[in-house]
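Quick caveat: nothing in here was measured; it's all calculated off a predicted structure. In each ligand, atom 1 is the first atom listed, and ligand 1 is the first ligand listed.
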Amino acid sequence: MVNVAILGFGTVGSGVAEVLTGHESSIERKAGGLIRLKYILDVRDFPDSPFADRFVKDFGVIESDPEVDIVVETIGGAGVALDFTRRALEAGKSVVTSNKELVATRGCELTQLAREKGVCYLFEASVGGGIPIIRPLSQCLAANEILEIYGILNGTTNYILTRMIRAGITFGEALAEAQERGYAERDPSADVEGHDACRKICILADIAFGRHISPEQVPTQGITGVTLADVDYAESAGKKIKLLGRAIRREDGRVCAYVAPHLVDESDPLAGVEDVFNAISVRGDAIGDVMFYGRGAGKLPTASAVVADVIDVARNMGHRRALCWEPGGENAAGGADGLKSRWYVRAAAPAEGLRSALGGGKLLARRESGGGEAACLTDQALTRGQLEERLAGVEVCSALRVLG
Ligand code: NDP
Ligand code: HSE
């Protein structure tokens, strides 16, 4: 029998308890033995929970119990979660987590510590919610040199953009819905400012390119600057606005990584990814393009990925599964300044003036244009610097890359 302790009985932690106990017999068959939920640690009391008899408040109880084999960390953040994770690994227990902030910032040292202790540190749920991506990237695509990874990595922002377009509700209303559904981070600015997607693209880049990419090295822009005017102009050009994380292998060995809203053509599979769904595209030198799609957030989809890791550890008890990467250093990642793309520009300027500043392009129209502004898609692929040079003296409201 394998004993599990869950740290943090919130959206994900409660889902893990529900899936572990609800699917007990099929999980036992797949894991090759019973997996027992022995403890749940939370700061709050849950007297009405069916698991009420398993709650503890002192992590020391879990740390010092030799029967606990696997600790599931679903508290979140890089504070107490880091302390408990280190202590669990030091005590010879495997740790499974959905905490992307911790993996993105401290994953290199925690996977190393797990290796030293002969246990596992697994985090399938940290990227893409229920979508299998960490294991496919590290195992199924291991034969490839990964050239590029990009995709929709945040369920909350994709939900907000979809609801604003489909239901015509405001940004604030759509965010409140995402929070009610348990998609958003405790501090939702991590979602809407792009930091959550940044952490996820860093984790994917760590695994794909084998070196630690720090979130601090990755220029990040969220969706708070995207207006309904931008959405309308994009639609008039047959495009959707999507928040993308991208990591591209450069010829000099460094990684170009960034997070920003993009215009995506309606014919691109990413344009059809709506609601809380995420999609991640990976380009390998042997396989070409492969895409992973599914629910990117929420209680049970995320619990599905966490429990899969628990089963993996239980099935391979005593055999650590090494998932690790090297420290990266200051130069591991460069931003996207040198990356050329076509651009969408909205500016407080006369239409022909904007087009001529851009050196040509396609002017866009929308139904409720208030006048005094114009929007244009550039013909040419430009770096950000080249774009800024052309737009010197123009009052730019929005400048977004066009994917492809
Ligand atoms: P929640 O805030 O819902 O759950 C966290 C739980 O941990 C809360 O019950 C909280 O209690 C408890 N907690 C806080 N501090 C402590 C402590 N010191 N000791 C014990 N328990 C504590 O978060 P989520 O479940 O949404 O997210 C958990 C992690 O999973 C995060 O890293 C998140 O980014 C990640 N994640 C979330 C997904 C989602 O869809 N929600 C999807 C994928 C990953 P209290 O509320 O009283 O503070
Ligand atoms: N807040 C995150 C999201 C949770 O919306 O994608 C899943 O990681």
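Every atom of ligand 2 is numbered from 1 in the order shown, and the set under 4.0 Å from a heavy atom of Asp191 is 1 (N), 2 (C), 3 (C), 5 (O). Listed by number with element, the atoms of ligand 2 under 4.0 Å from a non-hydrogen atom of Glu185 are 1 (N), 2 (C), 4 (C). Close approach to Asn154 involves these atoms of ligand 2, each under 4.0 Å from a residue heavy atom: 2 (C), 3 (C), 5 (O), 6 (O). Each of the following atoms of ligand 2 lies closer than 4.0 Å to a heavy atom of Lys200: 2 (C), 3 (C), 6 (O), 7 (C), 8 (O). Close approach of ligand 2 to Gly155 (heavy-atom distance below 4.0 Å) involves ligand atoms 3 (C), 5 (O), 6 (O).
Take Asp83 and apply the salt bridge (charged side-chain N to carboxylate O under 4.0 Å, His left out) test, not counting sequence neighbours, and it matches Arg87.
Neither side chain, Asn99 nor Thr97, offers a donor N or O lying under 3.5 Å from an acceptor on the other.
For a heavy-atom separation below 4.0 Å, the residues in contact with ligand 1 are Gly8, Phe9, Gly10, Thr11, Val12, Leu41, Asp42, Val43, Arg44, Thr74, Ile75, Gly76, Val80, Ser98, Asn99, Lys100, Ala125, Gly182, Glu185, Arg186, Ala297, Gly298, Thr302.
Counting protein heavy atoms only, atom 8 (O) of ligand 2 is closest to Lys100 NZ, 2.4 Å.
Checking each of Glu124, Glu185, Glu73 against Lys100 for a salt bridge (Lys or Arg N to Asp or Glu O under 4.0 Å) leaves exactly one that passes, namely Glu185. With Glu90 as the partner, the side chain to side chain contact (heavy atoms under 4.5 Å, CB included) test is satisfied by one option alone out of Val119, Leu113, Thr85: Leu113.
Not a single heavy atom of Gly129 lies less than 4.0 angstrom from ligand 2.
Under 4.0 angstrom from ligand 2, there are no non-hydrogen atoms of Val127.
Taking only nitrogen or oxygen atoms, main chain and side chain alike, Asn278 does not reach within less than 3.5 Å of ligand 2.
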Just list the side-chain donor-acceptor pairs under 3.5 Å for residues 389-396, sequence neighbours left out, or say none.
from, atom 1, to, atom 2, distance (Å)
Arg390, NH1, Leu358, O, 3.0
Arg390, NH1, Gln380, OE1, 2.7

List the atom pairs, donor and acceptor, that lie under 3.5 Å between side-chain atoms in residues 289-298 and the rest of the protein, sequence neighbours left out.
from, atom 1, to, atom 2, distance (Å)
Asp289, OD1, Arg283, NE, 2.8
Asp289, OD1, Arg283, NH2, 3.4

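The heavy atom nearest to atom 5 (O) of ligand 2, out of those in Thr11, Thr156, Leu153, is found in Thr156.
The pair Arg342-Asp379 fails the salt-bridge criterion, with no side-chain N (NZ, NE, NH1 or NH2) lying under 4.0 Å from an Asp/Glu carboxylate O. Between Glu145 and Arg249 a salt bridge is recorded (basic side-chain N to carboxylate O distance below 4.0 Å). A salt bridge does not link Glu173 to Arg163: none of the charged side-chain nitrogens sits closer than 4.0 Å to a carboxylate oxygen. Ion pairing of Asp309 with Arg135 is present here, as a side-chain N (NZ or NE/NH1/NH2) and a carboxylate O approach within less than 4.0 Å.
Around CD of Glu266, the count of heavy atoms belonging to other residues, nucleotides or ligands within 6.0 Å exceeds 12.
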